[in-house]
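Residues take their numbers from the sequence shown, with the count starting at 1.
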Amino acid sequence: FNRLKSRHDEKKINALKKQISEVSQHNIISNNEENIDFYLYSQLNKFSSSKERILDNLNIAGNSSNDLIEYVPDLPSLKKVLNDNEAFVSITFGYGQIFRLCVTKDNVNLSHSPIGDITKLSNDFRILKASLSAGHPPNLTLDKQFPVKSSNDLYNLFFTDSGSCIKGKDHIIWSPHDFILDIPLSALLQNIPTKIENGWDLAHADWLGKSYSFTYATSSVSFIASRKMRRQISKQLSFVGFGDPVLSGTTIQGDIRRSVSVPTVYNEPNRILYELYELPETSYELTKQADILGDSSILYLQDNATERNIRREILSRYNIVSFATHGLVQGEISGINESALALSPTITDNSLYDGILTSSEISNLNFASDLTILSACNTATTNIELFNSDLHSLSTAFSHAGSPTTVASLWSIDSKTSESILVDLINYYNLNNDRYISGALHNAIIKHFDTLPNDAYAHPRFWAAFRVF
């Protein structure tokens, strides 16, 4: 169904591309073709997201158009797939107002209020995201600093009027306007923490991520489809992992691995692997994950972490598929035209085996895993907004291939912390009979706070990067 649906969607997207292109010819004045291409691509993404959200909102409001009913679920369908402990929260903006929709299994709450100072709101977004992308090592002085006022103001804006709806719940399905989709909810503060010398007591702060687990959904449509898909999955083997790719040296054919090139949006070859370094620590990370899940786990590491082995494997047999490698971000690595994962190249001039596993290639694989873990190191950018967009692209590709849920990191974090949280996630996931993935991540974060090496690690840049798509 998802493959047929994706083909249908591709036709609609191509039609939207044509419309945007026609409009752009009249409204864009530029001699730079690269800028025009990037503009069209950006507008396409925004237009597609807006269109999907508009259809959702029309349906919730009671639109009875037959054309909409075919593709958009009704409100009872959404309530039916929710569990008693869950709330589906959607937020959008318009006419100077913020609109909040909160749906639970037995309740619907719709509220709105003025946004207020839009400049302050934009600054709150910018400051919060900047604080999470700092790259310095853990530091007891620097990591006491955090924009607590901005974080708390965003919490109040998003959730104050939804308080009665989410009260008594512990899992929020978050489906906001794409303008705020890259805001990590876990890093929002429900109250201002205690002021201490040189900063804030973040170790004992009232983080939203301590009270709730979160699943990020682009729309109610994708959420319902994901829920139905999970219930149909037949679990056979436990775990397969791919990681620690070999990016240097030569292939069996004698080709230099770093000579792999891919076409870019400008139709010029790009030797993409020259920009990447190897990740030996990911072998250890995947081995620890596999050890938890037992003898039926299989690992493809180093020379075996190839596209060939991914295609040879019967991925539908596995409960969990895990990738620990580089995530390649479009728009940041020399103009590549879609997001991808880096693997070991085996044939440098063949796109099926060149080690660049793109989103479109992923969508044509046959997954039936309950969970895909993407521990992808994003080496090219600290732009959270851009990387978030690509993570959604990858998670959508995995969904089209048959895997309904993806856990991924929104920014690069300390490798030991990343390893610890992901290993604990799998451990909690394995112990939980109903495979409550968001809850497993939440428990792993709580354990992180219970076992902090020191208070510097309480800063959300170390633990709030992970999210469930």
Could you tell me which residues satisfy side chain to side chain contact (heavy atoms under 4.5 Å, CB included) with Leu157, sequence neighbours excluded, listed by chain and number?
-> Ile98, Arg100, Leu121
List the steps, then state whether side chain to side chain contact (heavy atoms under 4.5 Å, CB included) holds for Val407 with Leu425.
-> CA-CA 10 Å; Val407 172; Leu425 180 151; 4.1 Å; yes
Return the set of residues passing side-chain hydrogen bond (donor to acceptor under 3.5 Å, both in side chains) with Ser283 (not counting sequence neighbours), or none when no residue passes.
-> Asp244
Heavy-atom donor-acceptor pair, Thr405 side chain to Leu371 backbone, under 3.5 Å | no
Partners meeting ring-ring contact (aromatic ring centres under 6.0 Å, His included) with Tyr212 (sequence neighbours left out) = none
From CA spacing to verdict: side chain to side chain contact (heavy atoms under 4.5 Å, CB included), Thr104, Glu86 = CA-CA 6 Å; Thr104 65; Glu86 296 176 328; over 6 Å; no
For Phe449 and Ala203 the tightest heavy-atom approach is CD2-O, 3.8 Å
Phe159 and Trp174: CA distance, side-chain angles, deciding distance, ring-ring contact (aromatic ring centres under 6.0 Å, His included) verdict = CA-CA 11 Å; Phe159 291 105; Trp174 179 243; 5.4 Å; yes
Would a distance-only check, ignoring hydrogens and angles, find a side-chain to backbone donor-acceptor pair under 3.5 Å from Gln97 to Gly94?
-> no
Can you run down the salt bridge (charged side-chain N to carboxylate O under 4.0 Å, His left out) pairs that involve residues 135-151, sequence neighbours left out, and say none if there aren't any?
-> Asp143-Arg461, Lys149-Asp153
To the nearest 0.5 Å, atom NE2 of His442 lies from atom CG of Asp170 at 7.5 Å
Minimum side-chain heavy-atom gap Leu75-Val108 below 4.5 Å = yes
For residues Ile298 and Phe239, determine if any side-chain heavy atom of one lies less than 4.5 Å from a side-chain heavy atom of the other.
-> no
Scanning both residues in full, the closest heavy-atom pair of Asp370 with Tyr429 reads OD2-OH, 2.9 Å
For Phe125 and Ile183, the nearest pair of non-hydrogen atoms, with its separation, is CD2-CD1, 3.7 Å
Mind checking the CZ-OG spacing from Arg126 to Ser150? Nearest 0.5 Å is all I need.
-> 9.0 Å
What closest approach, in Å, do Asn109 and Cys165 show between heavy atoms, and which atom pair accounts for it?
-> CB-CB, 4.1 Å
Can you list the residues that meet the side-chain hydrogen bond (donor to acceptor under 3.5 Å, both in side chains) rule with Ser151, with sequence neighbours excluded?
-> none
Heavy-atom side-chain proximity of Leu279 to His326 below 4.5 angstrom | yes
Which value, rounded to the nearest 0.5 Å, describes the distance between Asn443 atom CG and Leu431 atom CG?
-> 10.0 Å
Ion pair present between Asp206 and Lys210, side-chain N to carboxylate O less than 4.0 angstrom?
-> no
Can you check whether Leu185 reaches Tyr216 side chain to side chain, under 4.5 Å on heavy atoms?
-> yes
Hey, does the side chain of Asn139 reach the backbone of Thr141 with a donor-acceptor pair shorter than 3.5 angstrom?
-> yes
Could you go step by step and tell me if Trp200 and Thr194 meet the side chain to side chain contact (heavy atoms under 4.5 Å, CB included) rule?
-> CA-CA 6 Å; Trp200 303 93; Thr194 303; over 6 Å; no
Would a 4.5 Å heavy-atom cut-off, applied to side chains only, mark Ser322 and Leu286 as touching?
-> yes
Within the side chain of Ser344, is there an N or O that forms a donor-acceptor pair under 3.5 Å with the backbone of Val246?
-> yes
Examine distances only and state if a side-chain atom of Ser90 and a backbone atom of Ser175 form a donor-acceptor pair shorter than 3.5 Å.
-> yes
With His204, which residues qualify under side chain to side chain contact (heavy atoms under 4.5 Å, CB included), at least two apart?
-> Asp201
Working to the nearest 0.5 Å, report the span between CG of Leu343 and CD1 of Ile310.
-> 4.5 Å
Residues in side chain to side chain contact (heavy atoms under 4.5 Å, CB included) with Lys105, at least two apart?
-> Asp84
Taking the six-membered ring for Trp, are His459 and Phe146 parallel (under 30°), tilted (30 to 60°) or perpendicular (over 60°)?
-> perpendicular
Output every pair passing disulfide bond (SG atoms under 2.5 Å apart) with a member in residues 399-431, not counting sequence neighbours, ordered by first then second residue.
-> none
Say whether, by atom type as modelled, one donor and one acceptor occur between the side chain of Asn85 and the main chain of Lys169 under 3.5 angstrom.
-> no
Sorted by chain and residue number, the ring-ring contact (aromatic ring centres under 6.0 Å, His included) partners of Tyr300 (sequence neighbours excluded) come out as Phe242
Shortest non-hydrogen contact from Phe469 toward Ala408 | CE1-CB, 3.9 Å
Does any N or O in the side chain of Glu285 come within less than 3.5 Å of the main-chain N or O of Glu419, such that one atom is a donor and the other an acceptor?
-> no
Could I get the full list of side chain to side chain contact (heavy atoms under 4.5 Å, CB included) partners for Ser186, not counting sequence neighbours?
-> Phe214, Trp463, Ala464
Can you tell if the side chain of Val89 reaches within under 4.5 Å of the side chain of Leu101, non-hydrogen atoms only?
-> no
Can you tell me if His448 uses its side chain to pair, donor with acceptor, with the backbone of Ala458 under 3.5 Å?
-> no
What one should report as the nearest heavy-atom pair of Thr325 and Pro245 is OG1-CG, 3.3 Å
Just by modelled atom types, is the Val103 backbone N or O under 3.5 Å from a matching donor or acceptor in the Asn107 side chain?
-> no
Those residues that, when tested against Gln145, pass side-chain hydrogen bond (donor to acceptor under 3.5 Å, both in side chains) (two or more places apart) = none
Please test Phe398 against Phe323 for ring-ring contact (aromatic ring centres under 6.0 Å, His included), starting from the C-alpha separation and ending with a verdict.
-> CA-CA 12 Å; Phe398 285 122; Phe323 295 89; 5.7 Å; yes
Thr282 side chain to Gly243 backbone, donor-acceptor under 3.5 Å | no
Apply side chain to side chain contact (heavy atoms under 4.5 Å, CB included) to the pair Ser297 and Val240, showing each step before the final yes or no.
-> CA-CA 6 Å; Ser297 299; Val240 61; over 6 Å; no
If you measure from CG on Leu422 to CD on Gln289, what distance do you get to the nearest 0.5 Å?
-> 5.5 Å
side-chain hydrogen bond (donor to acceptor under 3.5 Å, both in side chains) filter on Ser418, not counting sequence neighbours, yields none
From Ile173 atom CD1 to Phe88 atom CZ, the distance as rounded to the nearest 0.5 Å | 7.5 Å
Taking side chain as C-beta onward, heavy atoms only, is Phe223 less than 4.5 Å from Leu82?
-> yes
Is there a side-chain contact between Leu132 and Pro184, using heavy atoms and a 4.5 Å cut-off?
-> yes
